[in-house]
Chemist: 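Here's a structure for you.
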2 protein chains.
Amino acid sequence: MTDVTTAADDDAADQPTAAPDAAGADATASGEEKPRRARGEQTRQLILETALRLFRERGYAETTMRAVAKEAGVAVGNAYYYFDSKEHLIQGFYDRNQQAHRLAAQAVLDAEKDFAARLRGVLHAGIDVNQPYHSFAATFFKTAAEPSSPLSPFSRESSAAREAAIAIFRDVVEGSGAKLDPELRRELPELLWLGWMGVVLFWVYDHSPEQRRTRRLIDGAVPLIDRLVALSRLRVLRPALRQVLALIDTVRSDD
Amino acid sequence: MTDVTTAADDDAADQPTAAPDAAGADATASGEEKPRRARGEQTRQLILETALRLFRERGYAETTMRAVAKEAGVAVGNAYYYFDSKEHLIQGFYDRNQQAHRLAAQAVLDAEKDFAARLRGVLHAGIDVNQPYHSFAATFFKTAAEPSSPLSPFSRESSAAREAAIAIFRDVVEGSGAKLDPELRRELPELLWLGWMGVVLFWVYDHSPEQRRTRRLIDGAVPLIDRLVALSRLRVLRPALRQVLALIDTVRSDD
DNA sequence: GACCGTAGTTGAACACGTTCAAGAAGGTGG
DNA sequence: CCACCTTCTTGAACGTGTTCAACTACGGTC
């Protein structure tokens with residue numbers, strides 16, 4: 001209700017200190033007074049919410065740090081007290097979508113038992129969740145692509161989110177009745193996650209209306225993977241399978 | 001104007017087309033419409049050479065447009081007369097390495113007939129060529145990853161370079177004695193190029209000493225692909241192959 | 001030779017992400 | 001009440017990529 005943040009582009013300047021006396025205004029979300037540390041956390045959230053809203057409204061590149069600060073009613077330097085850089089603000093978006101995917105995927109996994117159906121559902125759910133942010137995601141992807149960026153899906157900083165994502169695919173495999181080579185079973189979740197990264201990559205580059213091509217890619221690739229997984233138990237393919245698994249091991253080994 | 005070109009001296013300064021008027025040197029294919037203005041081309045080359053040198057010496061991010069201009073002995077605005085942005089300067093690097101890869105690949109293709117050996121050689125040659133620029137390439141890769149960037153390997157602006165790269169892999173296939181399904185034969189070059197893009201992606205993220213993991217990836221993946229290609233003629237796999245080819249077709253179709 | 005149009009060139013100016021020294025707020029211990 | 005420390009906040013300032021109106025040089029035309 002209070003929603004001072006929506007005050008646009010004009011006044012925001014006259015607001016030197018937010019809630020100097022507390023007066024209970026700060027208790028909006030959580031019920032009770034946190035430890036004294038709550039003061040900064042509020043500002044942090046305010047800045048993050050404001051930034052994500054502006055990213056959504058205007059796009060990432062078009063949103064300046066000055067605009068975020070002004071809109072949030074703080075000094076620009078304050079944003080940098082809580083976030084190391086503009087890119088770091090994206091992490092919030094990142095986490096949020098990851099969680100939404102997890103949730104949407106769970107609904108699918110609760111309803112489906114067949115491996116192919118589970119995989120297909122989870123992949124489509126991932127696209128569903130990200131669909132509204134396609135144009136924004138493209139620019140955001142640019143910064144995530146930098147290997148040294150903490151936003152990279154392969155970075156140490158992302159390892160928690162990455163593990164969570166892989167867990168979804170582990171669930172896809174484990175919860176299905178698919179019979180497969182035990183060693184493959186162990187590696188498959190990570191491989192599927194890698195495939196998902198590939199789908200996301202394709203999606204980012206997909207300019208077709210509503211990203212239909214990505215949908216078709218999913219629909220076409222899933223039966224293929226399903227078939228391949230089934231074929232993996234075939235005698236002629238055993239050596240090839242071993243070869244693939246050995247390669248994965250070799251490549252992963254040291255650093 | 002005194003003692004200009006503090007460091008840009010050496011080679012790049014005085015090069016071709018020094019005679020602007022003589023003998024219609026600038027035989028740019030188009031012809032009459034264009035007045036013979038080779039004057040600017042020299043400046044363009046000077047700026048490009050200077051920029052690439054500084055990128056190599058200091059890195060991309062650390063090289064400022066002001067430094068490029070100063071080192072080249074021109075005003076900063078002049079660089080923008082010839083190049084739309086700092087990113088556009090990278091295109092030169094891009095083209096040069098592409099050509100070097102083509103050259104190194106040719107040596108391999110002239111010597112080897114076996115499919116696996118050809119593929120392996122071409123991939124290693126690609127890494128060889130790019131090796132000296134690994135740290136620089138990582139940051140440069142960031143800008144290439146942006147879908148809307150003209151530097152993206154999938155962009156229209158890169159289509160010439162892309163076709164040239166695919167041609168290398170076409171040569172890999174055609175020049176080998178490998179027997180394979182005719183339809184696969186048609187698609188394989190582009191698929192191999194896509195795989196090559198994957199290897200590059202892996203390479204960019206590879207922090208192992210001298211990117212050994214990438215080398216191992218190549219050495220491990222090539223026999224695998226070789227085997228897969230050979231297996232593609234197996235009866236049990238024919239339907240799967242059809243499925244793959246159909247998927248590629250579907251995904252590629254409209255936009 | 002005078003004139004004009006355009007390719008080429010300039011550097012100040014702009015908006016941006018980011019940094020930093022300075023200070024305010026608010027608690028803690030005396 | 002007073003120092004004192006930590007946490008939080010500020011806004012000017014820096015260096016960056018990029019733009020732009022003005023200017024120069026030069027070939028073509030009369």
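Quick note on labels: first sequence line is chain A, next is B, and so on, each numbered from 1.
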Chemist: Among residues at least two apart in sequence or on other chains, which ones pass side chain to side chain contact (heavy atoms under 4.5 Å, CB included) with Glu62(B)?
Modeler: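 With neighbours one apart ignored, the set is Arg58(B).
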Chemist: Quick one: is Thr64(A) getting a side-chain N or O under 4.0 Å of the dA15(C) phosphate, OP1 or OP2?
Modeler: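 No, Thr64(A) has no side-chain N/O under 4.0 Å of OP1/OP2 on dA15(C).
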Chemist: Tell me which nucleotide among dG11(C), dT18(C), dG17(D) gets nearest to the side chain of Ala75(B).
Modeler: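 The listed nucleotide nearest to Ala75(B)'s side chain is dG11(C).
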Chemist: Looking for any heavy atom pair under 4.0 Å, which part of the strands does Val76(B) touch: base, sugar-phosphate only, or nothing?
Modeler: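 Counting heavy atoms under 4.0 Å across all strands, the contact made by Val76(B) includes a base.
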Chemist: Got a donor-acceptor contact below 3.5 angstrom from the His101(B) side chain to the Asp128(B) backbone?
Modeler: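 The answer is no, because no donor-acceptor pair under 3.5 Å joins these two groups.
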Chemist: Could you tell me how far apart Asn78(A) (CG) and dT10(D) (P) are, to the nearest whole angstrom?
Modeler: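 Roughly 5 Å, once rounded to whole Å.
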Chemist: With a 3.5 Å distance limit and no angle check, can you tell me whether His207(A) reaches the backbone of Tyr205(A) through a side-chain donor-acceptor pair?
Modeler: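 Yes; judged by distance alone, with no hydrogens or angles, the pair exists.
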Chemist: Within the structure, does a side-chain N or O atom of Ser85(A) lie under 4.0 Å from either OP1 or OP2 of dG17(C)?
Modeler: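 Answer is no, no contact under 4.0 Å.
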Chemist: Please work out whether the ring planes of Trp196(B) and Phe169(B) are parallel, tilted or perpendicular, with thresholds of 30° and 60°.
Modeler: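 Because their plane-to-plane angle lies in the 30° to 60° range, the rings of Trp196(B) and Phe169(B) count as tilted.
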Chemist: Could you tell me how far apart Lys86(B) (NZ) and dT18(D) (P) are, to the nearest whole angstrom?
Modeler: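 These atoms are roughly 8 Å apart.
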Chemist: Take the protein atom CG of Leu46(A) and the nucleotide atom C1' of dT9(D), then report the distance between them rounded to whole Å.
Modeler: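 One finds 13 Å between C1' of dT9(D) and CG of Leu46(A), rounded.
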Chemist: Are a donor atom and an acceptor atom from the side chains of Gln106(B) and Arg102(B) found within less than 3.5 Å of each other?
Modeler: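 The answer is yes; a qualifying pair exists.
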Chemist: Gln45(B) CD to dG8(C) C1': how many Å, rounded?
Modeler: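 Between C1' of dG8(C) and CD of Gln45(B): 16 Å.
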Chemist: What is the separation between atom CD1 on Ile47(A) and atom C1' on dG17(C), rounded to the nearest whole Å?
Modeler: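 Spelled out: CD1 on Ile47(A) to C1' on dG17(C) is 15 Å.
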Chemist: What's the CD-C1' distance between Gln42(A) and dT9(D), to the nearest Å?
Modeler: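 For the pair Gln42(A) CD and dT9(D) C1', the rounded distance is 15 Å.
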Chemist: Applying a 4.0 Å non-hydrogen cut-off, can you work out what Phe83(A) is touching in the nucleic acid: base, sugar-phosphate, or nothing?
Modeler: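 No contact.
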Chemist: Just N and O in the side chain of Tyr81(B): are any of them under 4.0 Å from OP1 or OP2 of dG8(C)?
Modeler: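 For Tyr81(B), the contact criterion (side-chain N or O under 4.0 Å from OP1 or OP2 of dG8(C)) is met.
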Chemist: What is the separation between atom CD on Glu62(B) and atom P on dG17(D), rounded to the nearest whole Å?
Modeler: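 Rounding to the nearest Å, CD of Glu62(B) and P of dG17(D) are 10 Å apart.
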Chemist: I want to confirm an ordering. Mapping Ala79(B) and Tyr60(A) to their closest nucleotides on DNA chain C, which one lands closer to the 5' end?
Modeler: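 It is Ala79(B), whose closest nucleotide lies nearer the 5' terminus.
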Chemist: Once you round it to whole Å, what is the distance between C1' of dG11(D) and NZ of Lys70(A)?
Modeler: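 That distance rounds to 14 Å.
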Chemist: In terms of side-chain heavy atoms of Tyr82(B), which of dG11(C), dT9(C), dG17(C) is nearest?
Modeler: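 Looking only at heavy atoms from C-beta outward on Tyr82(B), the closest nucleotide is dT9(C).
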Chemist: Do Arg66(A) and dG17(C) have a side chain to base donor-acceptor pair shorter than 3.5 Å?
Modeler: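 Under the 3.5 Å cut-off, the side chain and the base do form a donor-acceptor pair.
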Chemist: Please check the phosphate of dT9(D) (OP1 and OP2 only) for any side-chain N or O of Tyr80(A) closer than 4.0 Å.
Modeler: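 Answer no for this pair, as no side-chain N or O of Tyr80(A) is under 4.0 Å from OP1 or OP2.
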